[in-house]
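Here's the structure we're looking at; comments come further down.
Residue numbers begin at 1 in each chain, while the letters A, B, ... track the order of the sequences.
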Protein chains: 2
Amino acid sequence: MQTTTATTEPTPAPVDVCSAPPRRHPRPDGRDSYTISEVVAFTGLTAHTLRWYERIGLMSHIDRSHTGQRRYSNRDLDWLDLVGKLRLTGMPVADMVRYAELVREGETTYRERHALLEATRRDVLSRIAELQDTLAVLDRKISFYGDAL
Amino acid sequence: MQTTTATTEPTPAPVDVCSAPPRRHPRPDGRDSYTISEVVAFTGLTAHTLRWYERIGLMSHIDRSHTGQRRYSNRDLDWLDLVGKLRLTGMPVADMVRYAELVREGETTYRERHALLEATRRDVLSRIAELQDTLAVLDRKISFYGDAL
DNA sequence: TATGGCCTTGGAGTGCACTCCAGGCAACCC
DNA sequence: GGGTTGCCTGGAGTGCACTCCAAGGCCATA
């Protein structure tokens with residue numbers, strides 16, 4: 001089950017540890033190396049975007065095949081899942097890059113990561129509250145139009 | 001008490017009827033005419049943005065003083081409140097302009113307005129669900145970092 | 001050997017939602 | 001009259017997050 005990429009395992013390469021993130025799209029088991037187009041299929045992002053994420057430092061360096069093509073690991077996909085979630089919160093990409101840098105710097109940044117996620121959590125809560133507020137307005141208007149019809 | 005703008009009252013000018021929207025920022029009572037900078041203070045939008053909204057048709061024509069300066073009514077402020085709410089949902093400005101057009105066209109567009117708001121409502125619900133999903137992920141990570149500290 | 005498919009790169013382009021600028025008018029205070 | 005403030009306009013500029021382009025490498029199949 002636990003296929004490990006020999007290329008990355010020796011150097012534990014600081015990654016986003018934490019409990020295993022739930023994977024949304026079924027990923028084939030027993031593999032740990034995907035082409036960019038497979039990742040496109042899993043994530044819904046474009047290949048352009050994936051390469052751009054790498055360029056701006058939102059993803060740490062991705063493995064390459066002997067011909068120089070990108071080979072994404074399950075860890076990379078987990079990270080993309082998290083990025084997708086953070087994107088939904090409206091977090092700017094620059095902030096996500098900051099978080100990625102903290103992850104790359106290793107365990108010494110736990111405190112700062114904790115603070116960053118706490119702040120994000122507060123943002124998310126207030127966005128949910130705003131949306132629920134908006135929902136109330138929509139419901140009032142919808143029932144107005146519903147009654148008028 | 002009821003200061004009415006003589007210019008708009010004769011022609012009831014189709015506006016967003018429905019029940020009275022709750023006003024967020026305290027507006028002085030007994031007035032129905034505000035300068036652009038007052039509206040800036042009430043809404044948090046910039047004067048540029050307010051003029052731009054008008055240019056693109058997101059606001060119907062705003063009253064003018066004898067010198068040509070904009071004079072916003074309470075109805076305009078109510079509309080801006082709604083626009084603010086819709087903006088929070090992530091609705092594109094173009095869609096809001098569409099809704100504004102429907103409002104300007106009068107009662108015959110009730111059905112379409114109803115449908116548009118229903119669709120928006122569904123969007124909002126799914127966004128809330130996404131955010132709650134994200135919140136769960138954040139909580140897991142936050143408690144991981146919290147435990148590790 | 002050639003054709004097609006998948007991938008690579010740096011850099012330029014796009015769409016959205018503002019945001020600002022230059023130049024000018026009107027009103028008010030000293 | 002001069003200075004300041006507030007507002008006006010059309011049009012250009014900005015920042016973000018992609019999105020696309022052109023030119024080319026590698027490799028499998030016909």
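In this structure, of D:dA17, D:dC8, D:dC20, it is D:dC8 that holds the atom nearest to the side chain of B:R64. The A:P92 side chain lies nearest to D:dA17 when the options are C:dT8, D:dC8, D:dA17. Residue B:I36 places its side chain closer to D:dC7 than to any other of D:dC7, C:dC18, D:dC18. Side-chain proximity of B:S37 to D:dC18, D:dC8, D:dG6: nearest is D:dG6. With distances taken from any side-chain atom of A:Q69 to the nucleotides C:dC18, D:dT19, C:dT8, the minimum falls on C:dT8. Each of C:dG11, C:dT19, D:dC27 was ranked by its minimum atom distance to the side chain of A:T67; first place goes to D:dC27. Distances from the side chain of A:T35 to the nucleotides D:dG6, C:dC7, C:dT19 place C:dC7 closest.
We find that CD of A:E38 is positioned 12 Å from P of C:dC6, with the value rounded to whole Å. Distance A:L50 CG to C:dC7 C1': 13 Å, rounded to the nearest Å. One can place CG of B:L45 at 16 Å from C1' of C:dC20, the figure rounded to the nearest angstrom. Atom-to-atom, CD of B:E54 to C1' of D:dC7 comes out at 13 Å; the value is rounded to the nearest Å. Between the CZ atom of A:R55 and the P atom of C:dT9 there is a distance of 9 Å, rounded to whole Å. Look at NE2 on A:H48: it is 22 Å from P on D:dC16, rounded to the nearest Å. If you take CG of A:L58 and C1' of D:dA17, they are 11 Å apart, rounded to a whole angstrom. The nearest whole Å value for the distance from the CH2 atom in B:W52 to the P atom in D:dG11 is 17 Å.
A donor atom on one side chain and an acceptor atom on the other are found under 3.5 Å apart for B:N74 and B:Y34.
One finds no side-chain N or O of A:R51 lying less than 4.0 angstrom from the OP1 or OP2 phosphate oxygen of D:dC20. Applying the 4.0 Å criterion to OP1 and OP2 of D:dC18, one finds that A:R87 has a side-chain N or O inside that range. Phosphate contact (OP1/OP2 of C:dC18, side-chain N/O of B:Y53, threshold under 4.0 Å): present. OP1 or OP2 of C:dT8 sits under 4.0 Å from a side-chain N or O of A:R70.
The pair A:R98-A:E112 meets the salt-bridge criterion, with a side-chain N (NZ, NE, NH1 or NH2) lying under 4.0 Å from an Asp/Glu carboxylate O. The existence of a salt bridge linking B:R31 and B:E38 is confirmed by a sub-4.0 Å separation between a basic side-chain nitrogen and an acidic carboxylate oxygen.
Aromatic pair B:Y110/A:Y145: ring centres closer than 6.0 Å.
Here B:E118 pairs with nothing under the side chain to side chain donor-acceptor pair (under 3.5 Å) rule; sequence neighbours left out.
With DNA chain D read from its 5' end, the first of the two nearest nucleotides for A:H66 and A:T49 is the one closest to A:T49.
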